[in-house]
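Below you'll find the structure, written out as structure tokens, and then a few comments.
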Protein chains: 2
Amino acid sequence: MRMPYGSAAESFGQASMGYVATEESVTQTLAFLLGKLGQVASGRFAARLAPLGLRPRHCALLELLAHAPKAQLELAHAIGVTPSVVVDMLDELEQAEAVRRVRDSTDRRRQLIELTTKGRRLRRRAVALARETDEEMLAGFDTAQAAALRTGLLRIADSAGLFGSVTRPS
Amino acid sequence: MRMPYGSAAESFGQASMGYVATEESVTQTLAFLLGKLGQVASGRFAARLAPLGLRPRHCALLELLAHAPKAQLELAHAIGVTPSVVVDMLDELEQAEAVRRVRDSTDRRRQLIELTTKGRRLRRRAVALARETDEEMLAGFDTAQAAALRTGLLRIADSAGLFGSVTRPS
DNA sequence: TATTGTTATACTCTATAACTATA
DNA sequence: TATAGTTATAGAGTATAACAATA
């Protein structure tokens with residue numbers, strides 16, 4: 001049983017313990033809520049990305065490759081997926097002419113993945129679309145609330161070892 | 001180009017504008033980050049739920065049914081999925097003897113879904129496991145940071161019309 | 001005719017395991 | 001023998017569309 005905003009119980013400070021528990025329901029835990037909102041956020045982002053021929057999962061790769069070419073296993077580790085998934089994502093990005101696979105001459109097992117000019121352009125557009133999506137989701141948030149939310153998420157990503165130093169809160 | 005913690009650019013206050021943009025990368029947007037962290041969170045929650053024979057998606061249903069029986073379309077709307085998905089989830093919960101489908105005598109098209117005693121027990125255990133998962137993900141957060149994060153997420157869920165009044169921040 | 005629930009099907013995202021070519 | 005990348009396959013998540021029973 002949850003009280004509406006500004007209810008008597010809240011005003012009198014009863015909301016913080018006892019009858020109205022702070023975290024009584026699964027739907028209020030990060031464990032569950034993050035999963036559901038992740039689907040919502042991905043869906044909205046995907047809808048905006050579709051005209052570019054990209055999906056959300058491609059964007060992290062474009063990001064990671066923006067400053068220097070990387071090997072496929074590096075990418076897999078950085079975005080937290082298994083190597084075979086990266087193969088598939090790169091196949092799609094290569095077909096979209098966004099990346100090139102270049103055989104490493106010093107170790108012919110490796111391939112260095114580099115962004116093409118088109119890939120850089122796609123990355124810039126993707127960032128803009130992600131920002132639009134954020135603005136939609138953060139409508140009504142003030143600057144401090146939005147920053148607190150983003151900082152918290154970045155911190156969890158960091159502790160999960162995702163995106164390396166690219167995703168560091170300022 | 002992102003500066004490491006405590007870099008010269010940051011120390012001199014240049015980090016807030018110009019060269020080091022606050023939100024230059026896709027991996028720092030909610031649109032992308034929420035999707036990725038949602039997968040991580042769901043994976044961790046699922047690992048803890050597995051011994052119960054439940055997956056994260058079942059938990060919202062157990063939650064919504066905790067206080068009163070509901071029809072399948074109500075559930076579908078509340079958790080933001082298409083009705084055929086609810087059929088599948090309820091088939092699984094019914095097989096686990098966590099819910100019962102009871103034909104509504106006043107409108108024989110509808111089925112009222114009610115929690116069994118076992119379903120209530122599973123729901124309580126699921127909440128406990130979700131909390132454990134939260135504690136793992138929020139390690140190192142102080143109370144205010146954790147609350148700000150949760151409040152922000154609940155607010156987005158609310159604006160997306162999810163979970164009805166059950167998911168209201170205090 | 002409209003609505004509730006169901007089935008069939010398909011698409012996306014992911015992972016595991018077995019394979020190749022290089023080292 | 002170990003490593004980088006690839007392929008094949010399978011599981012979990014989603015949605016759309018066509019259908020039966022009931023209103």
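FYI, side chains are in, hydrogens and waters are out, and symmetry mates aren't considered; it's all heavy atoms of this structure. If you're wondering where the values come from, they're calculated on a predicted model, not measured in any experiment.
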So CD of B/E94 and OG1 of B/T116: to nearest 0.5 Å the spacing works out to 10.0 Å
Need to verify one output field. Residue with the more 5' nearest nucleotide on DNA chain D, A/E74 or A/K36?
A/E74
Taking side chain to side chain donor-acceptor pair (under 3.5 Å) as the cut-off, I'd like each qualifying pair that reaches into residues 44-60 of chain A, sequence neighbours left out, listed once.
A/R44-A/E136, A/R48-A/E132, A/R48-A/T133, A/R48-A/E136, A/R55-A/E92, A/R57-A/D88, A/R57-A/E92, A/H58-A/E92
Grouping I, L, V, M, F, W and Y whenever their side-chain heavy atoms are under 4.5 Å apart, do B/V99 and B/L112 come out in a common cluster?
no
Same hydrophobic cluster for A/V85 and A/L93, using side-chain heavy-atom links shorter than 4.5 Å among ILVMFWY?
yes
Heavy-atom side-chain contact between A/T27 and A/L33 under 4.5 Å:
no
Pairwise N/O distances under 3.5 Å, protein to nucleotides 16-20 of chain C:
residue, atom, partner, partner atom, Å
C/dT16, O4, A/S84, OG, 2.9

So what does A/V86 hit on the nucleic acid, given a heavy-atom distance under 4.0 Å: a base, only sugar-phosphate, or nothing?
nothing
Would you mind reading off the distance between A/L54 atom CG and C/dC13 atom P, rounded to a whole angstrom?
11 Å
With a 4.5 Å heavy-atom cut-off, do B/I79 and B/L162 have their side chains touching?
no
N/O donor-acceptor pairs under 3.5 Å from side chains in residues 140-149 of chain A, not counting sequence neighbours:
residue, atom, partner, partner atom, Å
A/D142, OD1, A/A144, N, 3.1
A/D142, OD1, A/Q145, N, 2.8
A/Q145, OE1, A/D142, N, 2.9
A/Q145, OE1, B/R155, NH1, 3.1

Provide, to the nearest angstrom, the distance between the CG atom belonging to B/L75 and the P atom belonging to C/dT4.
13 Å
Any chance the side chains of A/Q72 and A/R101 put a donor and an acceptor closer than 3.5 Å?
yes
Rounded distance (Å) that lies between atom P of C/dT22 and atom CG of A/L73
16 Å
What residues in residues 39-49 of chain B put a non-hydrogen atom under 4.0 Å from any atom of DNA chain D?
none
Can you confirm whether B/T29 sits close enough to B/V26 that some side-chain heavy atom of one is under 4.5 Å from a side-chain heavy atom of the other?
yes
Listed by chain and number, what are the side-chain hydrogen bond (donor to acceptor under 3.5 Å, both in side chains) partners of B/T117, not counting sequence neighbours?
none
Between A/Q111 and A/D104, is any pair of side-chain heavy atoms under 4.5 Å apart?
no
Figure out the NE2/C1' separation between B/H58 and D/dT14, and round it to whole Å.
14 Å
Roughly, in whole Å, what's the span from NZ in A/K70 to P in D/dA4?
16 Å
Length of the CG-P vector between A/L61 and C/dT14, whole Å:
10 Å
Among residues 87-115 of chain B, which contact DNA chain D at a heavy-atom distance under 4.0 Å?
B/D107, B/R108, B/R109
